[in-house]
Each structure stands twice: as C-alpha cells, then as structure tokens.
Amino acid sequence: EKFLKPYNPKTAEEEVYRREEESGLFNPDKCVEKGFTKADALTFSIVLPPPNVTGTLHVGHALMLVVQDILIRYKRMRGFRTLWLPGTDSAAIATQSKVEEILYKEEKKTRHDIGREELLKRIDKFTEESKAIIISQLKRMGSSLDWSRYAYTMDEPRYLAVMEAFVRMHKAGLIYRGDRIVNWDPKMQTTVSDEEVERVEQKTPFYYFKYGPFTIGTVRPETKFGDKYVVMHPNDDRYKEYSHGQQLNLEWINGPITATVIKDEAIDMEVGSGVMTITPAHSGIDFEIAKKHGLDSEQVIDEKGILLPIAGEFAGVHIKKARPAIVEKLKSKGLLVKTDNNYVNTVATNSRGGGIIEPQIKRQWFVAVNKPFVIEDSKIPGIASGSSLTLRELMRKAVEAGGIKIMPDNFEKVYYHWIDNLHDWCISRQIWFGHRIPVWYRDQEVYCGTKTPEGAGWEQDSDTLDTWFSSGLWTFSTLGWPSFAETATEGRPGPENDLANYHPTAVLETGYDILFFWVARMILMSGFHLGEVPFKTVYLHGLVRDGKGQKMSKSLGNIIDPVEMIDKYGADALRLSLIIGNTPGMDLKLSEDRIRGYKNFANKIWNIARFVLENTEGRTPEKPESISPAGEETLKIFKTTLSEVTGDIEEYRLYMAAEKLYHFVWHEFADKIIEESKKILRGEDIEAKSEIKYILYTILSDCLMTLHPFMPFVTEEIYSSLPGNKNLLMVSPWPHKE
RNA sequence: GCGCGCUUAGCUCAGUUGGUAGAGCAACGCUUUUACACAGCGAAGGUCGCAGGUUCGAGUCCUGCAGCGCGCACCA
C-alpha cells in the first residue's frame, strides 16, 4: 500500500492538518466535550506571540511555533485542558510605514495628501489581505492553535481592552501627560520609546570651542545657539574661581552673549575639559540639569530638523547642512580650538527603519514607572495585597520572588539590569494607525474615558499608543478581559470563562530580543490590572542565523524561507532542525543540510512502520502471557528512554528530548531491535515470534506518540494506518506515566 | 563605562547535582542478497581557549587573562 513508496510529506501534511483542524480538538472545550480531556483537568495555556499582520512567516516564527506546539501537543496528550491561542499584531508603526511606502510608490502621494480616514481605510484593506497569508503559513508548520479564539490587536475586544487599561491607569495616576524630553524621529515625525532607539557607532569630528574663558567640546555645534549656561563640577579645582550663578560676557556664534555658571555633580571632570554648555531642549542630560536648577531652555531645532530663528543667519537651514557652516564661522571668529577627527560617537537612530533621533521637549503621554500606587488585590508572590509599590518594583519582584521564572536564568540578570535603568515609558505616537488615546479636550477641560464624552466641542487627542502598550495586555485581553473579568468562572467551558481558566498562562515563549519591549510590559500590565503574573515561565529562544552564523537578511541573500523548506523537506524536518541542538537563549545556526538530514529521519520512521506492519499482518499483536528476559530487557531500555524524554520535556529541555528520541528510534529501535528481530521472525519459534511482534508494535506505537509533539505530521499519518486506531494521535494518552 | 554570554572532533553543538569526553552533519573504507541507498556496517578524528586554585578526582566549581559576540548607557 502507501508504505511501499518513500514518505512524501507534501501529500501527507495538508491532509493531516485538515483532519486535525476539522476534528475541533485544538479547542480544549471540544476535547472535554468529546471525552478526551477530563472537565476538571488542570489547564495549560500559551498565547501565541502575535506575528505582524503584514509580515510573512520567517524562520524565527517557525522556531517559536515549534517550541510552543511541542509543549502544547505534549500537554494535551498528558490530559491537560490545553489552550494555545492564536493572534496577529497590528504593529502600528511598521504597518503604517509599509502602507505609506506603497502609497508613495504607486501614487506618489503621502498620508497628508489622502488624510487620516483614507489612510486607515487602506491600512485595513492591506492588513486584511496579509492576515490570510500569515495564518495559512502558521498552519503549514503544524501549529495546533485554537482558531476559534483567534484575536487581532485591533479588533473590537482588544481595542476595548486597550481603552479600559489606559483609563484605569490614568485614574490611578500612572499615566500622565507631560512636557519632557523625548526621542523624536524627524523622518517618521513621531516619538519613539527608549527601547526602540538603537545606537549606532559612528566616527564624528569632535570640536573644541572657546566659550569665554573655557574650552567646551561637542559633536553637535548646530545645537549650541541657545547655550547660555556653562556647567562644571563643584569639586573641580581648575574652575575654583568661578562660582555658581556667576555671569560672564563672552563672544559666541552670532555675537556677544551673557553666560551663567552652573555647578553640578552630573559633570564628569575626566571628560574633555570638564566643562560643558547645555542645550536643555535637545539633550536628555542637559534637560535634567536645567530642570534641577530651574534654568530656561529654548528650542533650536524644529520637528523636521530645521534650525529655528534663534540660529540667526542659519535659521531655516537643515542641521546636516548647517553643521559645517557653523564650524566654519566659529573658526573664522577664532573660536575653534581644535578638531579631533578620531572620535567615535554613538548616534541614536530609530530601529524601525526611521531616521536619526533628535531629542526634543514635547508634550506626550507617559507611564510613570517610579510612582507608588496601592495594589488592591495581589496574587503575585512577594507582593502583599494592599501594599504600595511602583510599577518598577512590581516588575522586579514578580521575577525576584519566583512568581515568574525566566529561562535561561541568566536573562533574569539582564532583566534586572534593564529595570534598574528604567525611565518613564513614552506611550504616545504621532502616527495614525493604532489605538487612539482615549482622551478628549475642550478648551481647558480634559476628559479621559473609554467613550466620547457627551456634549459638543470635544476633540480627541490625535495621537495613538505605542504598539507595545496593547501588546502588554495580550495575555489577558485575548482571554476576555475586561468584558468577562467579573463573571469568568473556573472550571466552566467557553471563551467567556477563559480568564479564570487560563490566566496566568503557563509559558511565554518568545525571542530574547523582545524581553524588554514585550515580556517586561506584559508583567507590568498584568500586575497592575489583574494583580497577577501573566505567565509562570518565560522561555526565551535565540536568533536563527544562517549556516555561517550571520544574521539572515535580504541584502545578504541568506534568508531561509520556512515555507520553501516545508515544500522541499516537510514541516516535520524543519521542526526537528529547529529543535535539536538548540538550547534556550542561544542563537541557532541553521543550514539547509540540517533540514535535509531530518527529512531522512522522517523517512526512516516511515520505513520502520512499514517493516512492523508487514510483520504483524495488519493486526494489533496481543500481549503475551509472559515475556522472555531478553524481551523484558528491550522493553526496559525503551521505558528508560520514555521516562527520560518525559522528564526533559517537563524541564523544557526540548533539544535533549528530541535528540534522545532521534537516537533511540534510529540507533536502538531500527539498528538493533529490528535487526535482531529479523532472525526471530524468520525462525520457527512461535512464542518468540509473537513476543517480538508485540514488542515491535508496542515500541512503534509508543514512539509515534512520543514523537508526535515534535513531528506531528508523519506520526499522525502513520498512526492512522495502524490497525484499530480510530482516534487522532494528537489526543492519544502519552505513553509514559509517572 | 556597566552588564550578560560564548570558546569542547573539520563544521554545528550537547555534556542536568564534579567521577577517565558525546551526537548530528561532513569526510574516509566496505556493502547494492536488506523495512529503508532519504540505507547498513566499520574505522578515523579532541592536551574541552590560556594560566593558576579548590578537590582523591575538574569540560563541569573559584580566580585571573585572552579572543569573539551581544545587551544596556542622556560622556558633553
């Protein structure tokens, strides 16, 4: 029959997934209803980190899907009420720029030409189309996601959750609007959070200028027009003669000015001359100094990077052009002391493909991470109900006291390090696509609520929220919060009880590169809104690189396309190649050779099945009354493997579980047990024959079960051909019991 | 500057509480009587980055050094 040909994943996979999906058993309620899972069984839940709607599946997605699907399929087979919830992310800024790009390419128009409404319409259309692509790709990996609970960050329930979360945090005083220095991207015309800023090293000339009796150093002469405060350390003996508040008249770029001496500990005496002038409007540290001493500041550069009238003759010029001209002018005035051309500066850029960040003072919305609040009802270990703490402390304690375990554990240190350096989170963005800030203004009135206030003349804040704000709610906005927050009941079926049944989720599995962006924000949001951790375990996977260890990128042409690999070698092969040899937190070097190797393994399993089926004549062999010592020994080796593999999965050592199974199946089962069985099967000893048939069949059947989480397709396909199996392998009980 | 990793066979990596080094791939030899050539059998390949220390015993624990990588950082 079909086993006579080599295993062909292409024909098998589509059919297997269809059968599994149509069974409805990806939905835990269905599993209970059909009697595969006990109604009072423990739950196990994972929410899928939602892929970008506009994207296509990349190999990093493939990795995350495999890890999660293995855990999910395993727990389902172990009898847990197992939920894996799918979704997609609107990825505000990334999506909008993509659509804007297309708009410009095809129609030579900008968003301002077509307006907010029209742009949003086009984005909706675009995301609808791409959504289907990404979903079909998720399925091709074999992901046993409960599609009946599919969520999208911009759909109605999620939108409502975002509004509600904002309003509650605003009420608690943890969201405020303030004039602060922010990371402004002049190219994209929006603020970005600290996490989105990427620092790029760049050789930049470092200029030393005469500033009255001092020498000051800078890489940014174009900001210096408004500098009228000169700051030095109070303990710097070189500048003892100058006192705080002292005024000096000196010659500067556009003529004589009066400068004021400021003494502040923030100055590092070792750097440059130990003296600097400050530009509070365009530098974070300068802003802090100015705030501390109550100094005034003036904007020098506008939102597009153009110099303002304060620059005198340079007004209206872009900073990039102005810089050399300003240096030239200072030089001609004899104020340039020297230029260091070997200085390496770190330039802040917007990592989302934006421009060079220009710090600006702007009125924006922030989440206060250092402001204490009272947590009414806390289920987080280490945090007592009714205690007062800051969001920063909440995020730290949730991990410190063991409420959340991060794997590998060295990332806990990375997490703490980030928390210790944390500043208020700027959440407003000046883009159109996203969750709009639920605040309305009328004259001097400000209203914050989930719905438009009554009465005429209210104008909604035009900004949208950082996409990670809504992502932070993901573990519970997908489970019915806030609509069913009060009524959800544990033990009852149905999505309206999900919050009680499945939150906190068991595991969050994601890449270490979004530990701060996302993982930390989820802990913050879940902690504040539910008094709970969002997940008990964080499993961080590494980056998938090419065979040489380089990052995959279009320009290098080294991208491994998971869909193409599935077409060539099958999803099972791709899955194994992403698991074996991949430890959490470590980058994985993936080459096509590896994937090919595991295709051979799928075929090996196929042939083992063929051999066993041929020799058992299409029947399930019965268990012999007694088993010979040799047979017992064989079964014992297998049992040991099963027990080890089970332990490895429980401890999240998936790479080891998979490798042990691979090794057992190929080098024990195929190379030894089957080889040795041939002698017996050809022999005349009837009892020995029926015993070996039983052993072969048992091991094959149990191997299919244990391999199933790792290789769902080939195992399900073979299992369906075993005599007497009417149910799907995905809901068969796990063969090893503790 | 602060922090976190990595360094083990040609390549990619395992090595869970310290007990005389493992796997996959590649390469080499043999085998087309075999469930499977998408295969089998066999052989080869490592002073576990370097230097100290703890220990009866160190790839594993401690200290220092070197090389590589990454993260964070408002150094003018």
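Source: prediction; values computed, not measured.
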Judged by each residue's nearest nucleotide on RNA chain B, which is more toward the 5′ side, Lys672(A) or Phe611(A)?
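Here Phe611(A) is the residue nearer the 5' end.
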
Position toward the 5' end of RNA chain B (nearest nucleotide), Ile674(A) or Asn582(A)
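Here Asn582(A) is the residue nearer the 5' end.
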
Could you check whether [X] gets within reach of a base, just the sugar-phosphate, or nothing at all, counting any heavy atom under 4.0 Å?
X         : answer
Lys413(A) : sugar-phosphate
Gly217(A) : sugar-phosphate
Ala609(A) : nothing
Ser273(A) : nothing
Asp513(A) : nothing

Would you say the side chains of [X] and [Y] form a donor-acceptor pair under 3.5 Å?
X         : Y         : answer
Thr190(A) : Asp185(A) : no
Glu717(A) : Trp606(A) : no
Thr641(A) : Glu644(A) : no

Shortest side-chain distance from [X], nucleotide among [options]:
X         : options                : answer
Arg610(A) : A35(B), C25(B), C74(B) : A35(B)
Tyr343(A) : G5(B), G40(B), A76(B)  : A76(B)
Asn410(A) : C4(B), A35(B), A73(B)  : C4(B)
Arg594(A) : U12(B), A39(B), C74(B) : U12(B)
Trp666(A) : G40(B), G24(B), C74(B) : G40(B)
Asp194(A) : A73(B), G24(B), A76(B) : A73(B)
Asn600(A) : C38(B), G71(B), C36(B) : C38(B)
His417(A) : G3(B), A23(B), G40(B)  : G3(B)
Met276(A) : C38(B), A35(B), A76(B) : A76(B)
Asn421(A) : A73(B), A76(B), C38(B) : A73(B)

Using Watson-Crick and G-U wobble pairs with both distances under 3.5 Å, what is the 5'-to-3' dot-bracket string of RNA chain B, with [ ] for crossing pairs and | for pairs outside the strand?
(((((((..((((.....[..))))..((((.......))))......(((((..]....))))))))))))....

Atom-pair distance (OH on Tyr512(A); C1' on C6(B)), nearest Å
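Nearest whole value for this atom pair: 12 Å.
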
The residue among Val714(A), Val645(A), Ile718(A), Leu661(A) that forms side chain to side chain contact (heavy atoms under 4.5 Å, CB included) with Leu707(A) is Leu661(A)

Ring geometry between Tyr652(A) and Tyr539(A) (parallel below 30°, tilted from 30 to 60°, perpendicular above 60°)
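Tilted.
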
What parts of residues 654-661 of chain A reach RNA chain B, counting only heavy atoms under 4.0 Å away?
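Under 4.0 Å from RNA chain B: Tyr655(A), Met656(A), Glu659(A).
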
